[in-house]
Student: 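Questions regarding the structure given below will be posed in turn.
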Protein chains: 2
Amino acid sequence: MTRDPATAAASRQPPTMRDVAAHAGVSPMTVSRTLRDEPSVDRVLRERVLAAVEELGYRRNDWARGLRGGGATGLLGLVITNLGNPFYSQLATGVEAVAAEAGLQLLVGTSADDVARERGLVAGLVSRRVEGLVVVPAGTDQGHLAGSSLHGVPVVLATSPASGLAADAVVVDDFGGAREASRRLFLEGHRRIAFLGLSHETWTGQERRRGFTAGLAECGLEVDPELVVTTPAGDHDADTTLWRLMSAPRPPTAVFAANHRGTLAACRWVRSTGERLRIIGFDDIATAPLFAMPVSLVGYSPAELGRRAAELLLERVRGDVDDEPRRVVVATQLSHHGHVDVPA
Amino acid sequence: MTRDPATAAASRQPPTMRDVAAHAGVSPMTVSRTLRDEPSVDRVLRERVLAAVEELGYRRNDWARGLRGGGATGLLGLVITNLGNPFYSQLATGVEAVAAEAGLQLLVGTSADDVARERGLVAGLVSRRVEGLVVVPAGTDQGHLAGSSLHGVPVVLATSPASGLAADAVVVDDFGGAREASRRLFLEGHRRIAFLGLSHETWTGQERRRGFTAGLAECGLEVDPELVVTTPAGDHDADTTLWRLMSAPRPPTAVFAANHRGTLAACRWVRSTGERLRIIGFDDIATAPLFAMPVSLVGYSPAELGRRAAELLLERVRGDVDDEPRRVVVATQLSHHGHVDVPA
DNA sequence: CTGTTAGCGCATTCAC
DNA sequence: GTGAATGCGCTAACAG
């Protein structure tokens with residue numbers, strides 16, 4: 001390996017096909033064909049080209065390639081609210097797995113639940129010519145994803161259906177899961193059952209509340225409005241909310257938490273007071289079997305959510321499906337941890 | 001084939017600057033300047049251009065832009081072993097945050113701990129002209145990241161230092177954290193202390209074992225080789241290993257688990273047998289305060305790991321740092337959950 | 001089987 | 001202040 005300054009300075013710029021061609025004593029086209037495994041290249045030249053590629057450490061520039069070849073970038077965009085949240089990161093895993101299998105790379109951005117940031121991310125991804133987009137929407141309306149701004153880039157929504165926009169969506173059976181949970185609590189004998197929701201009402205949150213109410217209605221129980229509370233964003237605030245709920249004149253004997261944050265707050269309350277409170281929560285918690293208190297959980301597979309979304313997206317990218325928006329619903333299952341009362 | 005505006009509007013192909021220019025009655029250069037906020041553009045033309053952009057829903061093609069403009073792709077690559085693992089996804093969050101702040105997009109790929117896949121991913125990312133690379137390495141040797149194959153694309157390793165390669169690295173204080181844990185167990189009075197490691201010995205695993213041994217050596221205690229065991233990949237296998245360990249003639253009274261998987265296996269053993277066993281584990285577990293048994297954990301911030309890695313990388317990308325490889329060590333802190341014996 | 005020409009969408013350079 | 005050439009790295013389409 002020569003290491004003289006001139007060579008080092010020159011190699012700061014990656015080599016081009018022309019460099020390889022010159023090195024191998026052929027035309028750039030022969031290099032191009034060789035690298036694309038066209039069978040029509042002579043064995044001898046082919047070897048010379050590959051040797052030159054090896055020696056220069058050449059890597060074909062995929063962007064220049066796509067520019068000429070019709071714009072295929074091999075890119076899929078994923079816009080997610082928060083990668084640090086295990087549910088979303090597992091969803092990302094599912095998307096990535098399907099993308100990788102199709103030979104596509106994932107371009108990821110996080111919106112931090114901010115619609116403005118989401119809009120900016122989507123614009124950036126479109127500028128980078130992604131071939132499709134999986135979006136876990138931040139707000140309740142996705143109108144900004146419609147219109148010509150996407151220029152035909154297909155979009156699939158995850159965790160929430162399209163609102164103000166005709167697009168495919170993959171959602172959890174939020175209604176059904178919550179309904180099953182509240183029915184279960186009734187069958188166990190509970191009559192004062194609280195609902196622990198989120199202050200920032202998402203589509204998901206609304207569905208879970210609807211399911212909760214419907215489940216009890218089927219059992220002939222009307223929900224006491226005082227038992228329907230929402231918890232602000234912070235963990236500490238959730239604890240305060242729970243404390244207030246349980247200090248009421250007629251506290252609930254059971255609580256259904258609409259998401260994993262609420263479930264943990266309820267568990268902390270039980271932990272710190274030692275009181276009895278039956279808890280069912282939406283979202284799986286991997287370590288629940290180790291908890292000091294019994295808990296039941298409405299679980300689902302976030303990775304499957306991601307996989308299904310990516311699959312729908314790939315069908316759109318390939319164009320082998322008609323325009324009608326589709327919806328996929330991922331099932332939930334109720335699991336029990338610790339000793340749980342058996343319904344009579 | 002030339003594109004006249006009418007055809008462009010009807011076609012699925014996104015509009016180009018030429019289309020916008022024609023629509024606004026100016027030259028493509030004026031569009032280019034306007035979109036780059038050059039002040040030298042007349043207000044009137046500027047407005048006309050922006051109107052045309054709006055009307056056509058035009059998005060500048062970032063790849064063509066980079067191709068002409070010196071190759072700046074605005075891309076950072078992240079190769080991670082498994083996005084579904086909360087530690088790595090939080091690490092990804094840290095990288096993404098720093099990248100986003102610098103106006104860069106993240107291209108993510110998962111290696112599934114497979115060196116061959118890692119090599120392929122890196123090659124693909126280099127072909128896509130990422131400006132830098134954060135890699136959570138799969139194997140113990142990263143020789144394949146060296147050589148001219150990267151062509152000057154800077155790399156920063158996370159969770160493990162560079163081996164067979166001169167690159168920056170950000171690591172956890174694995175040695176120090178494990179050392180503190182084993183000393184703590186000794187001070188609490190334990191003399192038969194087990195080490196629960198991983199079968200697939202990573203650099204991280206070795207450091208934690210070294211720290212464990214060193215901590216006890218400082219206390220004058222030699223480690224009984226029978227108490228040093230490794231757990232295979234699966235959760236079920238880990239449980240088997242633990243059961244065997246605890247069924248030995250002289251079982252340990254305390255165990256140090258080298259990672260979160262081992263910690264949970266130990267907790268499950270306590271849960272299912274009801275026996276006493278003092279547990280300290282490496283890696284934080286968010287729900288540990290809710291566990292039925294006391295646990296101490298050696299924690300650190302994966303997000304900070306990611307942030308620091310991205311920061312080092314950006315300095316390299318900007319070239320404002322010399323060649324010498326740097327190493328950043330992220331501190332650990334020991335936390336206690338549930339009732340834990342106080343050292344005499 | 002191989003090389004030449006032209007152009008993907010944009011920005012640098014230099015005229016006007 | 002604006003526009004016309006020219007080329008970034010690569011590859012269809014067409015020669016040879």
Side-chain angles (χ1 to χ4, degrees), chain A residues 10-49 52-53 56-74 126-129 151, chain B residues 1-5 7-8 11-49 52-53 56-75 126-130 151:
Chain A
S11 72
R12 281 201 72 75
Q13 291 295 328
T16 73
M17 269 196 179
R18 277 231 286 279
D19 300 327
V20 176
H23 206 84
V26 297
S27 87
M29 262 324 286
T30 301
V31 178
S32 176
R33 289 198 250 258
T34 302
L35 263 38
R36 219 153 5 104
D37 271 332
E38 280 204 3
S40 66
V41 182
D42 188 276
R43 290 183 55 91
V44 180
L45 293 190
R46 183 188 164 74
E47 292 305 325
R48 281 228 304 268
V49 167
V53 164
L56 297 178
Y58 170 75
R59 300 278 164 195
R60 182 172 54 190
N61 184 328
D62 276 353
W63 304 133
R65 185 168 147 76
L67 198 55
R68 184 63 180 118
T73 56
V126 170
S127 289
R128 290 192 160 89
R129 295 299 190 266
H151 251 288
Chain B
M1 146 186 128
T2 48
R3 309 157 54 99
D4 78 286
T7 312
S11 89
R12 283 277 176 232
Q13 295 297 320
T16 74
M17 270 197 179
R18 277 230 290 275
D19 300 326
V20 176
H23 206 81
V26 297
S27 86
M29 267 319 294
T30 301
V31 178
S32 175
R33 289 198 250 260
T34 301
L35 262 40
R36 216 154 7 101
D37 271 332
E38 278 203 7
S40 65
V41 182
D42 190 276
R43 289 184 58 89
V44 179
L45 293 190
R46 183 187 164 75
E47 293 305 325
R48 281 228 304 269
V49 168
V53 165
L56 297 179
Y58 170 75
R59 299 277 166 197
R60 182 172 54 187
N61 184 327
D62 276 354
W63 304 133
R65 183 170 150 76
L67 197 57
R68 185 64 179 107
T73 56
L75 245 38
V126 170
S127 289
R128 290 191 160 92
R129 295 298 190 265
V130 294
H151 250 288

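Every heavy atom of this structure was used, including side-chain atoms; hydrogens, water molecules and symmetry mates were not. Note that this is a predicted model, so its numbers are computed, not measured. Lettering follows sequence order; numbering is per chain, from 1.
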Student: Is it the case that atom CZ in A:R18 sees more than 12 heavy atoms from other parts of the structure closer than 6.0 Å?
Tutor: no
Student: Is there a side-chain contact between A:L56 and A:V20, using heavy atoms and a 4.5 Å cut-off?
Tutor: yes
Student: Return whichever of B:S40 or B:A64 has its heavy-atom-nearest nucleotide of DNA chain D closer to the 5' end.
Tutor: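 The residue mapped nearer the 5' terminus is B:S40.
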Student: Quick one: B:D37 CG to C:dA11 C1', roughly how many Å, whole number?
Tutor: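 It works out to 15 Å between those atoms.
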Student: D:dG3, OP1 or OP2 - any side-chain N/O from B:T30 closer than 4.0 Å?
Tutor: yes
Student: Send over the distance from A:D62 CG to D:dC8 C1', rounded to a whole Å.
Tutor: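 Whole-Å distance recorded here is 16 Å.
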Student: Ignoring backbone atoms, establish whether B:S32 has a side-chain N or O less than 4.0 Å from OP1 or OP2 of C:dA11.
Tutor: yes
Student: Would you indicate, yes or no, if C:dG9 has its OP1 or OP2 atom less than 4.0 angstrom from a side-chain nitrogen or oxygen of B:R59?
Tutor: no
Student: What is the distance from CG of A:L67 to C1' of D:dC8, rounded to the nearest Å?
Tutor: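 Distance check: A:L67 CG to D:dC8 C1' gives 9 Å.
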Student: Tell me which of A:M17 and B:E38 sits closer to the 5' end of DNA chain D, going by the nucleotide each one is nearest to.
Tutor: B:E38
Student: Could you grab the distance from atom CZ of B:R68 to atom CG of A:L67, nearest 0.5 Å is fine?
Tutor: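 That separation rounds to 13.0 Å.
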Student: When you measure from the side chain of A:R60, which nucleotide among D:dC10, D:dC8, C:dG3 comes out closest?
Tutor: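 Given the options D:dC10, D:dC8, C:dG3, the side chain of A:R60 is closest to D:dC10.
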Student: If you only use heavy atoms from C-beta on, which nucleotide in C:dG9, C:dT2, C:dC10 is closest to the side chain of B:R65?
Tutor: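 Nearest nucleotide to the side chain: C:dC10.
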Student: From C-beta outward on A:N61, which listed nucleotide comes closest to its side chain: C:dT2, D:dA4, D:dC10?
Tutor: D:dC10
Student: OP1 or OP2 of D:dG7 versus the side-chain N and O atoms of B:R68: is any pair under 4.0 Å?
Tutor: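 For D:dG7, neither OP1 nor OP2 has a side-chain N or O of B:R68 closer than 4.0 Å.
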Student: So, do B:R59 and B:P14 sit near enough that their side-chain heavy atoms are less than 4.5 Å apart?
Tutor: no
Student: Where the side chain of A:R36 is concerned, which of C:dC8, D:dT11, C:dC10 is the nearest nucleotide?
Tutor: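 The answer is D:dT11, which lies nearest to the side chain.
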Student: Report yes if the side chains of A:T30 and A:R48 come closer than 4.5 Å at any heavy-atom pair, otherwise no.
Tutor: no
Student: Between B:S27 and D:dT2, is there a side-chain N or O to OP1/OP2 distance below 4.0 Å?
Tutor: no
Student: Less than 3.5 Å between a donor and an acceptor, one on the side chain of B:R33 and one on the base of D:dG3, is that the case here?
Tutor: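 Between D:dG3 and B:R33, which were checked side chain against base, a qualifying N/O pair under 3.5 Å is present.
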Student: Which one, C:dG9, D:dA12, C:dT13, comes nearest to the side chain of B:M29?
Tutor: C:dT13
Student: Please determine if a side-chain N or O atom of A:Y58 lies less than 4.0 Å away from the OP1 or OP2 oxygen of D:dC10.
Tutor: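 Yes.
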Student: Whole angstrom is fine here: how far is it from CH2 in B:W63 over to C1' in D:dC8?
Tutor: 15 Å
